[in-house]
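One structure is given below, encoded as structure tokens.
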Amino acid sequence: MRKVFPDATAALAGLLKDGMTIHAGGFGLCGIPAVLIDAVKEAGVKNLTVVSNNAGIDDVGLGKLLRTRQIKKMIASYVGENAEFARQFLAGELEIEFNPQGTLAERIRAGGAGIPAFYTKTGVGTAVAEGKPTEVFDGETYVMERGIVADLALVHAWKGDTEGNLVYRRTARNFNPMMATAAKVTVAQVEHLVQPGEIDPDHVITPGVYVKRMIALPAGYEKRIENRTVRKAA
């Protein structure tokens with residue numbers, strides 16, 4: 001199966017539809033599949049449910065889909081620093097399902113592992129638990145959370161081979177590996193595309209069996225920094 005496509009538009013051809021659920025990897029701007037998200041924007045699909053830790057900033061990544069009103073619902077951990085995300089949420093224009101960050105990560109991991117639901121103490125007695133089943137274990141109350149499986153996962157990797165084996169770099173690993181396992185189709189954008197055998201098997205984080213399509217990012221691809229913090233020169 002040919003997995004490498006010439007560009008994001010080609011890689012997503014035939015996969016996008018209105019009303020679908022999309023996993024979007026990343027944390028802030030770290031490890032986001034920005035090029036693939038741009039292709040979703042250009043495709044014009046709407047009424048999307050997007051699962052992501054947050055929505056980055058206004059002019060990058062998911063912020064673009066919010067501005068074009070292509071996202072109907074966000075399943076996220078926090079609003080973050082995206083002003084449009086906050087505005088739409090406060091105005092009641094965007095459906096939001098907030099999750100504690102660890103719960104969101106586990107819901108995605110569970111979806112990839114074929115686990116339909118699990119119990120956690122996090123959120124018990126708060127708005128997070130409203131309307132959800134609870135159970136008592138060893139004298140403690142737990143709330144049931146459902147696993148999440150998306151129609152499509154968009155992930156960013158530092159390196160990948162043409163068979164789809166992926167390696168993530170440092171904190172850009174974040175939500176990408178678990179999302180890659182928890183969707184019907186996973187599409188990856190990679191910074192460095194290599195041939196099979198050029199990645200040490202011990203270094204593979206996402207096995208190629210999970211990845212159906214991928215693109216190599218162009219030379220000079222800019223990785224944005226959400227907040228640059230440096231100390232003053234001595």
Side-chain angles (χ1 to χ4, degrees), residues 1-27 29 31-80 82-99 104 107-112 114 116 131 145-156 164 175-176 178-189 210-215 217:
M1 179 185 297
R2 181 175 67 91
K3 294 188 177 183
V4 181
F5 286 71
D7 55 45
T9 299
L12 294 176
L15 300 179
L16 300 173
K17 61 182 180 181
D18 293 347
M20 72 187 309
T21 298
I22 297 177
H23 281 320
F27 188 113
L29 298 184
I32 67 169
V35 172
L36 293 170
I37 292 171
D38 284 349
V40 173
K41 173 181 174 291
E42 294 303 317
V45 287
K46 56 187 183 297
N47 295 324
L48 302 174
T49 295
V50 176
V51 184
S52 182
N53 181 68
N54 63 306
I57 61 178
D58 293 82
D59 61 341
V60 182
L62 294 176
K64 295 182 178 180
L65 297 184
L66 286 170
R67 284 200 176 278
T68 56
R69 309 306 293 271
Q70 290 171 257
I71 299 177
K72 177 183 179 182
K73 178 180 180 180
M74 285 288 304
I75 301 177
S77 178
Y78 69 108
V79 172
N82 188 311
E84 181 62 15
F85 189 1
R87 189 199 67 76
Q88 289 186 24
F89 166 54
L90 294 173
E93 299 171 359
L94 177 69
E95 295 179 43
I96 297 185
E97 184 179 325
F98 279 124
N99 295 252
L104 179 63
R107 290 184 69 193
I108 299 165
R109 191 203 69 82
E145 296 283 357
R146 295 295 306 272
I148 305 174
V149 178
D151 298 302
L152 174 66
L154 306 178
V155 302
H156 173 98
F175 282 82
N176 283 297
M178 62 193 77
M179 286 184 169
T181 69
K184 297 174 183 177
V185 178
T186 294
V187 181
Q189 61 174 55
Y210 290 109
V211 180
K212 296 296 185 290
R213 301 182 183 185
M214 57 195 306
I215 62 166
L217 293 170

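Because only heavy atoms are used, hydrogens play no part in the values below, and waters and symmetry mates are left out as well, while side chains stay in.
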Original post:
Is it true that a side-chain atom of Asp58 and a backbone atom of Ala83 form a donor plus acceptor pair closer than 3.5 Å?
Top reply: yes
Subject >> Exam field: side chain Asn176 to backbone Val155, donor-acceptor pair closer than 3.5 Å >> reply: no
Original post:
Taking only residues two or more places apart in sequence or in another chain, which ones pass side chain to side chain donor-acceptor pair (under 3.5 Å) with Arg87?
Top reply: Glu84, Glu93
Which donor-acceptor pairs under 3.5 Å do side chains of residues 4-16 form with protein atoms, sequence neighbours excluded?
residue: Asp7; atom: OD1; partner: Thr9; partner atom: N; Å: 3.2
residue: Asp7; atom: OD1; partner: Ala10; partner atom: N; Å: 2.8

Subject >> Donor-acceptor contact present, side-chain His23 to main-chain Ala182, <3.5 Å >> reply: yes
**OP:** Mind checking salt bridge (Lys or Arg N to Asp or Glu O under 4.0 Å) for Arg109 and listing every partner two or more places apart, or none if nothing turns up?
**Re:** Glu106
Subject >> Heavy-atom donor-acceptor pair, Arg146 side chain to Pro116 backbone, under 3.5 Å >> reply: yes
**OP:** List the atom of Leu36, the atom of Ile215, and the distance in Å for their closest heavy-atom pair.
**Re:** CD2-CD1, 4.1 Å
**OP:** Quick one: pull up CG in Leu48 and CG in Leu62 and give me the separation to the nearest 0.5 Å.
**Re:** 10.0 Å
**OP:** Can you tell me which residue pairs pass the side-chain hydrogen bond (donor to acceptor under 3.5 Å, both in side chains) test with a partner in residues 31-47, sequence neighbours excluded?
**Re:** Asp18-Lys46, Asp38-Lys64
Subject >> From NE2 (His156) to CG (Leu217), nearest 0.5 Å >> reply: 6.0 Å
Original post:
So, does Asp151 use its side chain to make a donor-acceptor pair with the main chain of Met20 at under 3.5 Å?
Top reply: no
Original post:
Nearest heavy-atom pair of Ala183 and Leu152: which atoms, and what distance?
Top reply: CB-C, 3.8 Å
Subject >> Residues that Asn54 engages under side chain to side chain donor-acceptor pair (under 3.5 Å), provided they are two or more places apart >> reply: none
Original post:
Looking only at heavy atoms, which two atoms of Glu97 and Asn99 are closest? And how far apart?
Top reply: O-ND2, 2.9 Å
Subject >> Gln189 side-chain N/O to Val35 backbone N/O, donor-acceptor pair under 3.5 Å >> reply: yes
Subject >> Phe98: partners by ring pair (Phe, Tyr, Trp, His ring centres under 6.0 Å), with sequence neighbours left out >> reply: Phe89
